[in-house]
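Just passing along the structure, written as C-alpha coordinates.
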Protein chains: 2
Amino acid sequence: MKMSDIITAHILNMLEQSEYDTAEIQRNEFAALIGCVPSQINYVLSSRFTPEHGYVIESRRGGGGYIRISRVRLDKSSALMHIINSVGNELDSSTARILIENSRQAELISKEAAELMQAAISSPVLHEIPPIFKDSFRAAVVKQMLLALIN
Amino acid sequence: MKMSDIITAHILNMLEQSEYDTAEIQRNEFAALIGCVPSQINYVLSSRFTPEHGYVIESRRGGGGYIRISRVRLDKSSALMHIINSVGNELDSSTARILIENSRQAELISKEAAELMQAAISSPVLHEIPPIFKDSFRAAVVKQMLLALIN
DNA sequence: TAATCAAAGGTCAGTAAAAGTCAAATTTTG
DNA sequence: CAAAATTTGACTTTTACTGACCTTTGATTA
(Lines give C-alpha, C1' and ligand atoms only; values in the text may rest on other atoms or scores of the structure.)
Protein backbone atom coordinates (compact mmCIF):
# COMPACT_ATOMS: atom_id res chain seq x y z
CA MET A 1 0.00 0.00 0.00
CA LYS A 2 1.16 3.46 -0.84
CA MET A 3 2.52 5.69 1.88
CA SER A 4 0.22 8.52 0.87
CA ASP A 5 -2.80 6.25 1.13
CA ILE A 6 -1.73 5.16 4.59
CA ILE A 7 -1.36 8.74 5.72
CA THR A 8 -4.71 9.62 4.20
CA ALA A 9 -6.35 6.71 5.96
CA HIS A 10 -4.88 7.74 9.29
CA ILE A 11 -6.15 11.27 8.98
CA LEU A 12 -9.56 10.16 7.80
CA ASN A 13 -9.70 7.82 10.73
CA MET A 14 -8.85 10.58 13.16
CA LEU A 15 -11.54 12.76 11.64
CA GLU A 16 -13.95 9.89 11.96
CA GLN A 17 -13.19 9.51 15.65
CA SER A 18 -13.42 13.19 16.29
CA GLU A 19 -16.68 14.67 17.36
CA TYR A 20 -16.12 17.91 15.52
CA ASP A 21 -14.64 16.61 12.28
CA THR A 22 -11.26 17.91 13.30
CA ALA A 23 -7.93 16.14 13.56
CA GLU A 24 -4.86 17.69 15.06
CA ILE A 25 -1.38 16.33 14.57
CA GLN A 26 2.21 17.26 15.20
CA ARG A 27 3.98 16.85 11.92
CA ASN A 28 7.25 15.28 13.05
CA GLU A 29 5.65 13.03 15.58
CA PHE A 30 3.00 11.88 13.12
CA ALA A 31 5.56 11.25 10.40
CA ALA A 32 7.65 9.19 12.80
CA LEU A 33 4.62 7.19 13.87
CA ILE A 34 3.75 6.30 10.32
CA GLY A 35 7.32 5.99 9.17
CA CYS A 36 7.69 8.61 6.52
CA VAL A 37 9.51 11.83 6.01
CA PRO A 38 7.79 14.90 7.50
CA SER A 39 7.39 16.75 4.23
CA GLN A 40 5.30 13.94 2.90
CA ILE A 41 2.60 14.94 5.30
CA ASN A 42 2.48 18.26 3.50
CA TYR A 43 2.29 16.47 0.19
CA VAL A 44 -0.69 14.45 1.25
CA LEU A 45 -2.43 17.44 2.75
CA SER A 46 -1.95 19.53 -0.34
CA SER A 47 -2.98 16.79 -2.73
CA ARG A 48 -5.92 15.29 -0.88
CA PHE A 49 -7.19 17.61 1.81
CA THR A 50 -7.73 20.75 -0.19
CA PRO A 51 -10.68 23.11 0.17
CA GLU A 52 -12.01 21.62 -3.07
CA HIS A 53 -12.14 18.32 -1.28
CA GLY A 54 -13.94 19.92 1.61
CA TYR A 55 -11.15 20.42 4.13
CA VAL A 56 -9.48 23.34 5.80
CA ILE A 57 -5.93 23.24 7.11
CA GLU A 58 -4.63 25.45 9.89
CA SER A 59 -1.18 25.25 11.40
CA ARG A 60 1.28 26.85 13.70
CA ARG A 61 5.05 26.59 13.72
CA GLY A 62 7.46 26.82 16.58
CA GLY A 63 7.41 25.06 19.91
CA GLY A 64 4.14 23.31 20.49
CA GLY A 65 3.24 23.68 16.83
CA TYR A 66 0.49 21.67 15.20
CA ILE A 67 -1.43 21.02 12.01
CA ARG A 68 -5.18 20.95 12.25
CA ILE A 69 -7.30 19.36 9.54
CA SER A 70 -11.01 20.15 9.57
CA ARG A 71 -13.73 18.83 7.38
CA VAL A 72 -15.88 21.81 6.51
CA ARG A 73 -19.56 21.68 6.12
CA LEU A 74 -20.44 22.87 2.69
CA ASP A 75 -23.20 25.38 2.50
CA LYS A 76 -25.61 22.77 1.28
CA SER A 77 -25.25 20.83 4.46
CA SER A 78 -26.20 23.68 6.68
CA ALA A 79 -29.11 24.57 4.43
CA LEU A 80 -30.30 20.98 4.66
CA MET A 81 -29.83 21.00 8.38
CA HIS A 82 -31.97 24.08 8.53
CA ILE A 83 -34.72 22.30 6.65
CA ILE A 84 -34.48 19.27 8.88
CA ASN A 85 -34.84 21.42 11.94
CA SER A 86 -37.88 23.11 10.49
CA VAL A 87 -39.71 19.82 10.28
CA GLY A 88 -41.58 19.06 13.45
CA ASN A 89 -42.77 15.68 14.64
CA GLU A 90 -45.53 15.52 12.08
CA LEU A 91 -45.57 16.15 8.37
CA ASP A 92 -48.61 15.93 6.16
CA SER A 93 -48.59 14.64 2.65
CA SER A 94 -48.68 17.86 0.65
CA THR A 95 -46.21 19.70 2.87
CA ALA A 96 -43.81 16.81 2.47
CA ARG A 97 -44.15 16.84 -1.29
CA ILE A 98 -43.53 20.56 -1.46
CA LEU A 99 -40.56 20.34 0.88
CA ILE A 100 -38.93 17.74 -1.34
CA GLU A 101 -39.66 19.69 -4.49
CA ASN A 102 -38.22 22.85 -3.00
CA SER A 103 -35.07 21.10 -1.87
CA ARG A 104 -34.71 19.79 -5.38
CA GLN A 105 -35.29 23.20 -6.93
CA ALA A 106 -32.65 24.69 -4.68
CA GLU A 107 -30.28 21.96 -5.87
CA LEU A 108 -29.82 20.82 -2.30
CA ILE A 109 -30.60 17.26 -3.31
CA SER A 110 -30.21 15.31 -6.53
CA LYS A 111 -33.03 14.30 -8.82
CA GLU A 112 -32.49 10.70 -7.81
CA ALA A 113 -32.63 11.58 -4.13
CA ALA A 114 -35.86 13.49 -4.63
CA GLU A 115 -37.44 10.55 -6.40
CA LEU A 116 -36.30 8.16 -3.70
CA MET A 117 -37.78 10.35 -1.02
CA GLN A 118 -41.10 10.61 -2.81
CA ALA A 119 -41.07 6.83 -3.22
CA ALA A 120 -40.38 6.30 0.46
CA ILE A 121 -43.53 8.20 1.42
CA SER A 122 -45.69 7.10 -1.49
CA SER A 123 -49.17 5.64 -1.03
CA PRO A 124 -48.17 1.99 -1.40
CA VAL A 125 -45.86 2.43 1.57
CA LEU A 126 -48.29 4.45 3.68
CA HIS A 127 -50.90 1.86 2.97
CA GLU A 128 -48.91 -0.52 5.14
CA ILE A 129 -49.28 1.49 8.32
CA PRO A 130 -52.30 2.67 10.32
CA PRO A 131 -53.51 6.19 9.37
CA ILE A 132 -52.83 7.61 12.83
CA PHE A 133 -49.10 7.10 12.36
CA LYS A 134 -48.76 8.53 8.87
CA ASP A 135 -47.83 12.11 9.72
CA SER A 136 -45.23 11.22 12.30
CA PHE A 137 -43.89 8.55 10.01
CA ARG A 138 -43.48 11.03 7.14
CA ALA A 139 -41.67 13.46 9.39
CA ALA A 140 -39.26 10.78 10.56
CA VAL A 141 -38.55 9.45 7.08
CA VAL A 142 -37.95 12.84 5.54
CA LYS A 143 -35.70 13.93 8.36
CA GLN A 144 -33.68 10.74 8.39
CA MET A 145 -33.22 10.74 4.65
CA LEU A 146 -32.11 14.36 4.54
CA LEU A 147 -29.76 13.61 7.40
CA ALA A 148 -28.28 10.75 5.41
CA LEU A 149 -27.46 13.19 2.64
CA ILE A 150 -25.47 15.35 5.00
CA ASN A 151 -23.26 12.61 6.39
CA MET B 1 -2.28 -17.43 -30.32
CA LYS B 2 -2.21 -13.69 -30.54
CA MET B 3 -0.76 -11.64 -27.76
CA SER B 4 -3.90 -9.54 -27.43
CA ASP B 5 -5.99 -12.66 -27.06
CA ILE B 6 -3.71 -13.91 -24.33
CA ILE B 7 -3.99 -10.63 -22.49
CA THR B 8 -7.75 -10.63 -22.92
CA ALA B 9 -7.95 -14.17 -21.56
CA HIS B 10 -5.86 -13.26 -18.54
CA ILE B 11 -8.05 -10.31 -17.68
CA LEU B 12 -11.23 -12.27 -18.23
CA ASN B 13 -9.85 -14.94 -15.98
CA MET B 14 -9.09 -12.45 -13.24
CA LEU B 15 -12.58 -11.05 -13.52
CA GLU B 16 -13.92 -14.57 -13.28
CA GLN B 17 -12.01 -15.22 -10.06
CA SER B 18 -13.05 -11.93 -8.54
CA GLU B 19 -16.10 -11.80 -6.41
CA TYR B 20 -17.20 -8.42 -7.62
CA ASP B 21 -16.26 -8.55 -11.28
CA THR B 22 -13.24 -6.39 -10.77
CA ALA B 23 -9.62 -6.99 -11.75
CA GLU B 24 -6.75 -4.78 -10.73
CA ILE B 25 -3.37 -4.87 -12.37
CA GLN B 26 -0.14 -2.96 -12.46
CA ARG B 27 0.60 -2.31 -16.07
CA ASN B 28 4.35 -2.90 -16.16
CA GLU B 29 4.23 -5.90 -13.91
CA PHE B 30 1.36 -7.45 -15.84
CA ALA B 31 3.07 -6.82 -19.16
CA ALA B 32 6.24 -8.46 -17.88
CA LEU B 33 4.29 -11.46 -16.62
CA ILE B 34 2.68 -12.02 -19.96
CA GLY B 35 5.70 -10.99 -21.95
CA CYS B 36 4.55 -8.03 -23.93
CA VAL B 37 5.25 -4.37 -24.08
CA PRO B 38 3.31 -2.26 -21.54
CA SER B 39 1.51 -0.13 -24.05
CA GLN B 40 -0.09 -3.21 -25.49
CA ILE B 41 -2.15 -3.49 -22.36
CA ASN B 42 -3.66 -0.16 -23.27
CA TYR B 43 -4.38 -1.37 -26.75
CA VAL B 44 -6.24 -4.40 -25.47
CA LEU B 45 -8.17 -2.38 -22.95
CA SER B 46 -9.18 0.21 -25.48
CA SER B 47 -10.14 -2.32 -28.13
CA ARG B 48 -11.88 -4.94 -26.03
CA PHE B 49 -12.81 -3.59 -22.62
CA THR B 50 -14.72 -0.50 -23.60
CA PRO B 51 -17.96 0.70 -22.00
CA GLU B 52 -19.75 -0.58 -25.11
CA HIS B 53 -18.47 -4.02 -24.22
CA GLY B 54 -19.67 -3.60 -20.69
CA TYR B 55 -16.49 -2.62 -18.88
CA VAL B 56 -15.26 0.39 -17.00
CA ILE B 57 -11.59 1.24 -16.67
CA GLU B 58 -10.14 3.32 -13.86
CA SER B 59 -6.47 4.05 -13.38
CA ARG B 60 -3.90 6.05 -11.52
CA ARG B 61 -0.39 6.98 -12.58
CA GLY B 62 2.65 7.55 -10.45
CA GLY B 63 4.22 5.38 -7.78
CA GLY B 64 1.93 2.56 -6.78
CA GLY B 65 -0.30 3.21 -9.75
CA TYR B 66 -2.80 0.68 -11.05
CA ILE B 67 -5.39 -0.11 -13.69
CA ARG B 68 -8.74 -1.42 -12.56
CA ILE B 69 -11.08 -3.19 -14.94
CA SER B 70 -14.69 -3.68 -13.85
CA ARG B 71 -17.45 -5.51 -15.61
CA VAL B 72 -20.61 -3.46 -15.32
CA ARG B 73 -24.07 -4.75 -15.63
CA LEU B 74 -25.77 -2.99 -18.50
CA ASP B 75 -29.09 -4.39 -17.63
CA LYS B 76 -29.48 -2.74 -14.27
CA SER B 77 -33.20 -2.32 -14.58
CA SER B 78 -34.00 -5.96 -15.00
CA ALA B 79 -31.62 -6.91 -12.26
CA LEU B 80 -33.35 -4.45 -9.96
CA MET B 81 -36.75 -5.73 -11.02
CA HIS B 82 -35.58 -9.19 -10.17
CA ILE B 83 -34.66 -8.07 -6.70
CA ILE B 84 -37.96 -6.27 -6.22
CA ASN B 85 -39.84 -9.39 -7.17
CA SER B 86 -37.81 -11.46 -4.76
CA VAL B 87 -39.01 -9.35 -1.86
CA GLY B 88 -42.25 -10.66 -0.41
CA ASN B 89 -44.73 -8.77 1.73
CA GLU B 90 -42.45 -8.76 4.72
CA LEU B 91 -38.81 -7.92 5.13
CA ASP B 92 -36.86 -8.14 8.36
CA SER B 93 -34.20 -5.72 9.38
CA SER B 94 -31.04 -7.67 8.61
CA THR B 95 -32.32 -9.07 5.32
CA ALA B 96 -33.13 -5.55 4.23
CA ARG B 97 -29.70 -4.30 5.14
CA ILE B 98 -28.01 -7.11 3.26
CA LEU B 99 -30.22 -6.61 0.24
CA ILE B 100 -29.25 -2.96 0.05
CA GLU B 101 -25.58 -3.70 0.54
CA ASN B 102 -25.60 -6.31 -2.18
CA SER B 103 -27.36 -4.01 -4.61
CA ARG B 104 -24.72 -1.44 -3.88
CA GLN B 105 -21.84 -3.91 -4.34
CA ALA B 106 -23.28 -4.95 -7.65
CA GLU B 107 -23.39 -1.28 -8.61
CA LEU B 108 -27.11 -1.50 -9.21
CA ILE B 109 -27.65 1.54 -7.03
CA SER B 110 -25.50 4.51 -6.16
CA LYS B 111 -23.85 5.09 -2.82
CA GLU B 112 -26.27 7.92 -2.19
CA ALA B 113 -29.27 5.75 -2.99
CA ALA B 114 -28.03 3.05 -0.66
CA GLU B 115 -27.62 5.54 2.16
CA LEU B 116 -31.07 6.98 1.55
CA MET B 117 -32.61 3.54 1.63
CA GLN B 118 -30.88 2.67 4.87
CA ALA B 119 -32.06 5.97 6.32
CA ALA B 120 -35.64 5.33 5.26
CA ILE B 121 -35.75 2.14 7.27
CA SER B 122 -33.54 3.26 10.15
CA SER B 123 -34.56 2.89 13.77
CA PRO B 124 -35.72 6.49 14.28
CA VAL B 125 -38.25 5.95 11.52
CA LEU B 126 -39.35 2.51 12.64
CA HIS B 127 -39.77 3.89 16.09
CA GLU B 128 -42.75 5.88 14.79
CA ILE B 129 -44.79 2.85 13.85
CA PRO B 130 -46.13 -0.09 15.84
CA PRO B 131 -43.85 -3.17 15.81
CA ILE B 132 -46.43 -5.38 14.12
CA PHE B 133 -46.18 -3.29 10.97
CA LYS B 134 -42.43 -3.01 10.72
CA ASP B 135 -41.72 -5.94 8.44
CA SER B 136 -44.44 -5.11 5.93
CA PHE B 137 -43.43 -1.47 6.06
CA ARG B 138 -39.80 -2.32 5.26
CA ALA B 139 -40.86 -4.47 2.35
CA ALA B 140 -43.01 -1.70 0.93
CA VAL B 141 -40.40 1.02 1.32
CA VAL B 142 -37.59 -1.00 -0.20
CA LYS B 143 -39.72 -2.07 -3.13
CA GLN B 144 -41.06 1.40 -3.83
CA MET B 145 -37.64 2.97 -3.63
CA LEU B 146 -36.04 0.44 -5.95
CA LEU B 147 -38.96 0.92 -8.30
CA ALA B 148 -38.31 4.65 -8.29
CA LEU B 149 -34.79 3.96 -9.47
CA ILE B 150 -36.04 2.05 -12.46
CA ASN B 151 -38.41 4.74 -13.70
C1' DT C 1 14.64 44.33 26.90
C1' DA C 2 17.30 42.65 23.07
C1' DA C 3 19.70 38.93 21.33
C1' DT C 4 19.89 34.23 20.80
C1' DC C 5 18.44 29.46 20.52
C1' DA C 6 15.64 25.56 19.77
C1' DA C 7 11.52 23.53 18.14
C1' DA C 8 8.32 23.29 15.17
C1' DG C 9 6.15 23.56 10.43
C1' DG C 10 6.81 25.21 5.10
C1' DT C 11 8.81 25.15 0.45
C1' DC C 12 10.71 23.59 -3.51
C1' DA C 13 13.21 21.34 -6.78
C1' DG C 14 14.86 17.03 -8.17
C1' DT C 15 14.24 11.97 -8.81
C1' DA C 16 11.65 7.93 -9.49
C1' DA C 17 7.64 5.23 -10.53
C1' DA C 18 3.86 4.51 -12.87
C1' DA C 19 0.38 4.97 -16.68
C1' DG C 20 -0.97 7.37 -21.36
C1' DT C 21 -0.29 8.60 -26.31
C1' DC C 22 0.74 8.11 -30.92
C1' DA C 23 2.47 6.94 -35.18
C1' DA C 24 5.27 3.76 -37.66
C1' DA C 25 6.07 -1.12 -38.65
C1' DT C 26 4.21 -5.60 -38.95
C1' DT C 27 0.88 -9.26 -39.25
C1' DT C 28 -3.65 -11.11 -40.13
C1' DT C 29 -7.82 -11.38 -42.63
C1' DG C 30 -11.11 -11.18 -46.25
C1' DC D 1 -3.53 -7.44 -52.66
C1' DA D 2 -5.85 -4.01 -49.56
C1' DA D 3 -7.83 -3.09 -45.32
C1' DA D 4 -8.01 -3.93 -40.66
C1' DA D 5 -5.97 -5.39 -36.55
C1' DT D 6 -1.92 -5.87 -33.85
C1' DT D 7 2.65 -4.85 -32.05
C1' DT D 8 6.31 -1.83 -30.67
C1' DG D 9 8.89 1.72 -28.51
C1' DA D 10 9.98 6.55 -28.08
C1' DC D 11 8.15 10.24 -25.79
C1' DT D 12 4.64 12.62 -22.45
C1' DT D 13 2.08 13.36 -18.26
C1' DT D 14 0.80 12.40 -13.68
C1' DT D 15 1.67 11.03 -9.09
C1' DA D 16 4.68 9.90 -5.25
C1' DC D 17 8.66 10.55 -2.39
C1' DT D 18 12.80 12.77 -0.40
C1' DG D 19 16.02 15.94 1.55
C1' DA D 20 18.19 20.32 1.88
C1' DC D 21 17.18 24.64 3.21
C1' DC D 22 13.77 28.44 4.94
C1' DT D 23 10.50 30.75 8.15
C1' DT D 24 7.86 31.25 12.24
C1' DT D 25 7.15 30.94 17.08
C1' DG D 26 8.10 30.63 21.91
C1' DA D 27 11.53 30.37 25.50
C1' DT D 28 15.83 31.56 27.55
C1' DT D 29 19.65 34.32 28.53
C1' DA D 30 22.95 38.31 28.79
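Values below: all heavy atoms of this structure, side chains included; hydrogens, waters and symmetry mates excluded. Chain letters run A, B, ... following the sequence lines, proteins first, then strands; residues in each count from 1.
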Whole-Å distance separating the CZ atom of A/R60 from the C1' atom of D/dT25 =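 Nearest whole value for this atom pair: 7 Å.
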Sidechain-backbone polar pair: A/K143 side chain, A/G88 backbone, donor-acceptor under 3.5 Å =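 Yes, because the side chain of A/K143 sits within donor-acceptor range (under 3.5 Å) of the backbone of A/G88.
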inquiry  = If you assign B/I57 and A/I57 each to the DNA chain C nucleotide with the nearest heavy atom, which residue ends up on the more 5' nucleotide?
reply    = A/I57
task = Check the distance between C/dG10's P and A/R68's CZ and give it to me in whole angstrom.
result = 13 Å
note = When rounded to whole Å, the CD1 to P distance for the pair A/I25 and C/dG9 reads 8 Å
key: Residue B/S4, side-chain atoms from C-beta onward, closest of C/dA19, D/dT6, D/dA16   = D/dT6
query = On DNA chain D, nearest-nucleotide positions of B/M1 versus B/G62: which is more 5'?
reply =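 Nearer the 5' end of the strand: B/M1.
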query = Separation of A/M3 atom CE from C/dT15 atom P, in whole Å?
reply = 23 Å
task = Please check the phosphate of D/dC17 (OP1 and OP2 only) for any side-chain N or O of A/Y43 closer than 4.0 Å.
result = no
ask   = Which pairs pass ring pair (Phe, Tyr, Trp, His ring centres under 6.0 Å) with one or both residues in residues 98-144 of chain A, sequence neighbours excluded?
value = A/F137-B/F137
ask   = So, B/S103 side chain and B/L99 main chain: donor-acceptor pair closer than 3.5 Å or not?
value = yes
message = Within the 4.0 Å limit for protein heavy atoms, which parts of nucleotides 21-30 of chain C are touched? Write it as a string from 5' to 3', B for base, S for sugar-phosphate only, - for none.
response = B---------
ask   = In whole Å, what is the span from the CD1 atom of B/I7 to the C1' atom of D/dT7?
value = 10 Å
key: Among D/dA16, D/dT8, C/dG9, the nucleotide that comes nearest once only the side chain of A/I67 is considered   = C/dG9
Set of residues satisfying ring-ring contact (aromatic ring centres under 6.0 Å, His included) with respect to B/Y55, sequence neighbours excluded =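 In terms of ring-ring contact (aromatic ring centres under 6.0 Å, His included), with neighbours along the sequence ignored, B/Y55 is linked to B/F49.
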request  = Check the hydrophobic clustering (I, L, V, M, F, W, Y; side-chain heavy atoms under 4.5 Å; chains of links allowed) and say if B/Y66 and B/I41 are grouped together.
outcome  = no
ask   = B/G64 or B/S47: which one's nearest nucleotide on DNA chain D is closer to the 5' end?
value =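 Of the two residues, B/S47 wins.
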task = Calculate the interatomic distance between A/I41 atom CD1 and C/dG9 atom C1'; express it in whole Å.
result = 12 Å
request  = Let me see the working for B/R71 and B/E16 under salt bridge (charged side-chain N to carboxylate O under 4.0 Å, His left out), right down to the final yes or no.
outcome  = CA-CA 10 Å; B/R71 179 150 38 198; B/E16 205 60 34; 3.8 Å; yes
remark   = Separation of C/dA18 atom P from B/F30 atom CZ, nearest Å, is 16 Å
ask   = Does the distance from a Lys or Arg side-chain N to an Asp or Glu carboxylate O, for B/R48 and B/D5, drop under 4.0 Å?
value =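 Looking at B/R48 and B/D5, the cut-off is met.
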query = Within the structure shown, what part of the strands sits under 4.0 Å from B/G63 by heavy-atom distance: base, sugar-phosphate, or nothing?
reply =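 Since a base atom lies under 4.0 Å of B/G63, the category is base.
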task = In whole angstrom, give the distance that lies between atom OH of A/Y66 and atom C1' of D/dT24.
result = 13 Å
ask   = Given C/dA17, is OP1 or OP2 found less than 4.0 Å from the side-chain N or O atoms of B/N28?
value = no
